Amino acid sequence: MLKAEGLVKYYSSRMILDRIDVHVKRGECLGIVGPNGSGKSTLVKLLSGEEKADQGEIWLDGRKLTSYKPKERAQKIAVLAQDGLGEIPFTVEEVVLMGRYPYQTKWWWNSRRDRELAQEMMRFTGIEGYRKSPLSILSGGERQRAIIAKALVQEPELLLLDEPTTYLDIHYQLVILDLLHQYRMENQLTVIMVLHDLNLAAQYCDQIMMIKEGRIWTKGSPEEVFQIEAIDRVFEVEPIILDHPKWHVPQLLLSAKRHLRKQEKIT
Amino acid sequence: MSWHRLFWWSGGFFLCFLFSIGLAVTLGSAEISMVTVWKIIIAHLFYDTLPTDIDVAEDAIVWQLRLPRVILAAAVGASLAIAGVIFQGILKNPLADPYILGISSGAATGAVIAILTGWGALVLGKWTVPLYAFCGASLALLLVLRLADKKLRAETLILSGVVIQALFGSFLTFSLTISKDEFQRIHYWLMGSFVLRDWEHVFILLPVLGASFLVAWRFSRELNLLGLGDRSAIHLGMNVGRIRLGLLLLASFVTAVAVSIAGTIGFVGLVIPHMIRMLTGADHRSLIPLSALAGAIFMVWGDTAARLLLSPRELPVGVITAFVGAPFFALLLKKQQKK
């Protein structure tokens with residue numbers, strides 16, 4: 001599905017990404033984890049075609065990504081950027097329908113299929129009731145669902161997500177990720193997502209790629225990647241690793257160092 | 001907005017527009033009834049001869065003096081409103097408008113240079129002044145975008161507009177001072193006026209307005225996408241850089257042609273799109289046609305007020321629009337701060 005080899009990216013003279021390889025099969029979910037400033041968002045920008053790599057090449061379905069026209073590319077790849085959407089004056093339905101842009105060639109009217117698909121995705125993400133409401137009055141979780149609906153009406157084969165759960169409470173974090181998981185299973189959608197929460201990454205992703213300072217540290221299944229030593233080297237924390245009793249994937253338990261020291265003093 | 005709602009809204013605005021034109025033409029020092037006005041208009045449009053009950057003098061007043069002026073006012077209003085919509089959409093800034101950004105001053109300076117020097121008039125003919133105005137407007141646009149910060153925040157954009165306006169304003173005043181013969185003509189560019197305009201000017205502006213309107217309307221979806229942010233627009237497969245540049249040039253062009261004919265009339269491009277947005281929402285598919293119609297109506301009445309308030313003397317129409325627009329601008333500025 002997507003193959004990237006030897007991706008290198010500089011911002012001015014600073015190297016942000018250093019020879020990154022990515023391979024994702026159709027229907028797979030790849031999680032990208034790493035500390036702040038490790039180059040995760042830059043990697044998403046390169047894979048989405050938003051920016052060009054200084055070295056290396058990306059192939060999508062056997063074709064170079066740079067050979068796709070912008071609209072062709074948008075029919076295959078949908079992106080949820082980290083910054084979300086700012087103060088925008090449109091209604092939920094208007095925003096969702098904008099996801100049909102890559103398919104629209106004639107002037108600007110929406111076809112019956114555009115409207116039906118928008119309806120379907122609003123139903124799927126559970127925001128049908130807000131159809132005519134301005135996006136700005138929605139809560140963070142509802143907003144994120146509207147944005148996901150917009151990405152899904154693009155009918156993408158690959159979905160790139162940069163921190164889809166930031167600013168959301170734990171309820172909506174699960175709602176969003178479950179929605180995406182369900183859609184992925186039903187539609188053979190390939191997903192690449194950057195996640196801060198390693199435990200959620202372990203539960204939702206088939207493959208994990210851990211990067212630090214623009215280089216791949218390890219990649220593989222959650223069990224292979226989440227080793228105490230590797231986590232310590234990349235994030236500089238020493239977690240306790242447990243087995244999730246229900247899903248049997250590794251889960252990290254963080255221990256607060258400072259808090260413990262305080263207790264030691266008291267005793 | 002759905003099709004049938006757009007249809008009803010624009011239908012309503014269009015009727016209001018026709019009524020405004022009819023009424024504006026009847027108003028003036030010589031009283032001519034609405035019926036006579038429409039008889040004359042219809043006679044000129046569809047027949048070659050005048051009905052027998054119409055006076056030749058009345059015909060001359062309506063067809064030669066008032067009607068071209070009213071139609072020109074409508075076209076200028078529509079042009080400025082469309083330019084305002086495009087600037088606001090692209091700069092993602094509700095306070096953008098060709099006048100406040102200094103684009104109008106740039107266009108006026110270009111126009112004045114054309115009039116004073118007369119360079120290129122032989123080749124370009126009646127397009128000389130508009131094309132010079134376009135160069136001036138583009139230069140002003142370039143300077144404003146260079147001066148403002150990359151995020152194009154409201155404050156820096158307005159400040160840059162003020163600076164550019166001051167710069168080009170000094171050029172204008174300077175050329176006004178050195179040229180005694182052209183004083184009257186150049187004077188209009190400073191204040192905005194439809195005095196001494198005839199059908200020839202209408203025929204320059206109307207095709208420009210028509211084409212700009214169609215292009216802007218064609219790209220209303222892209223203008224909507226830009227509202228989501230540049231990154232989202234890129235992700236949806238839009239060629240952001242090229243389309244944005246094209247639309248900015250289009251807005252500058254339509255501003256330049258309007259300014260080269262009627263001078264710098266402020267605040268129309270600011271007030272009108274805002275009122276329409278409050279009425280029917282921010283979707284550019286409806287915003288563009290409705291703003292064009294509302295801008296036309298607003299300017300017809302602005303010009304009528306300019307003609308009649310101090311009759312027989314005339315006010316520059318820019319005074320009227322600023323009188324309405326400046327308090328509106330102040331309100332918007334206050335509203336922005338609350339966010």
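Computed from a predicted structure; not experimentally measured. Letters A, B, ... mirror the listed sequences (proteins, then strands); counts begin at 1. Just so you know, these numbers use all the heavy atoms, side chains as well, and skip hydrogens, waters and symmetry mates.
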Exceeds 12 heavy-atom contacts within 6.0 angstrom, atom [atom1] of [X]:
X	atom1	value
A/Tyr11	OH	yes
B/Phe13	CZ	yes
B/Phe328	CZ	yes

From [atom1] ([X]) to [atom2] ([Y]), nearest 0.5 Å:
X	Y	atom1	atom2	result
A/Met98	B/Leu236	CE	CG	9.0 Å
B/Asp283	A/Phe90	CG	CZ	6.5 Å
B/His284	A/Glu94	NE2	CD	11.0 Å
A/Ile88	B/Ser232	CD1	OG	8.0 Å

Query - Region of A/Lys69 that comes under 4.5 Å of a non-hydrogen atom in chain B - result: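 Neither the backbone nor the side chain of A/Lys69 comes within 4.5 Å of chain B.
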**Report entry** Heavy-atom contact with chain B under 4.5 Å, split by part of A/Ile77
**Finding:**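 Answer is backbone: N, CA, C or O of A/Ile77 sit under 4.5 Å from chain B.
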Looking only at non-hydrogen atoms, find the nearest pair between [X] and [Y] and report the distance.
X	Y	value
A/Tyr101	B/Leu225	CG-CD1, 3.4 Å
B/His235	A/Ala74	O-CB, 3.5 Å
A/Glu50	B/Ile234	CG-CG2, 4.1 Å

Query raised in the report: Are B/Arg231 and A/Lys45 close enough, and set up right, to give a side-chain contact (heavy atoms from CB on, under 4.5 Å), and what steps lead you there?
Result: CA-CA 10 Å; B/Arg231 287 194 67 193; A/Lys45 280 182 189 164; 3.7 Å; yes
